Amino acid sequence: MTGDAYEVDTALVGQLADTVSGVGSTVHDDAGSVRVTPDAGRSSDEVASAFNDLSAVVAGLAAQVGGLADAAEVAAGRYDTADEAAQDRFAQQQARQSPTPGGPR
């Protein structure tokens, strides 16, 4: 879709959203691998707790990325709908204002 000041390629936005969603899923799946209990002697509990906290943060980040991907897809769909409606409305307005063939000018 195009406008006077900008161009939005909603197919590209959809592809981007799919890519971002894939990355988010991969990161979410990999977040569990951070949850380990390392052999760090007396500090093992503290290190394990830090890794678990890191895993939770990574999983939260992955969820946020997934949300952004979903929002991009929704925005692209809404843009298409709004753009098509505006084009239809503009065409209707032009048809009303155009003189009919053979009619008064």
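Hydrogens, waters and symmetry mates play no part in the numbers below; they use all other heavy atoms, side chains included. Because the structure is predicted, anything quoted here is derived from the model rather than measured.
You'll find the side chain of D18 reaches within 4.5 Å of the side chain of E73, heavy atoms only. Contact annotation: the side chain of V20 approaches that of L16 to within less than 4.5 Å [non-hydrogen atoms, C-beta and beyond].
At least one donor-acceptor pair under 3.5 Å links the side chain of T26 to the backbone N or O of G22. Distance alone, capped at 3.5 Å, is enough to place a donor-acceptor pair between the T19 side chain and the Q15 backbone.
A distance of 5.5 Å separates CD in E84 from CG in D80, rounded to the nearest 0.5 Å.
Between A72 and A17, the shortest heavy-atom distance links the atoms CB-CB, 4.0 Å.
There is a side-chain donor-acceptor pair under 3.5 Å between D83 and Q87.
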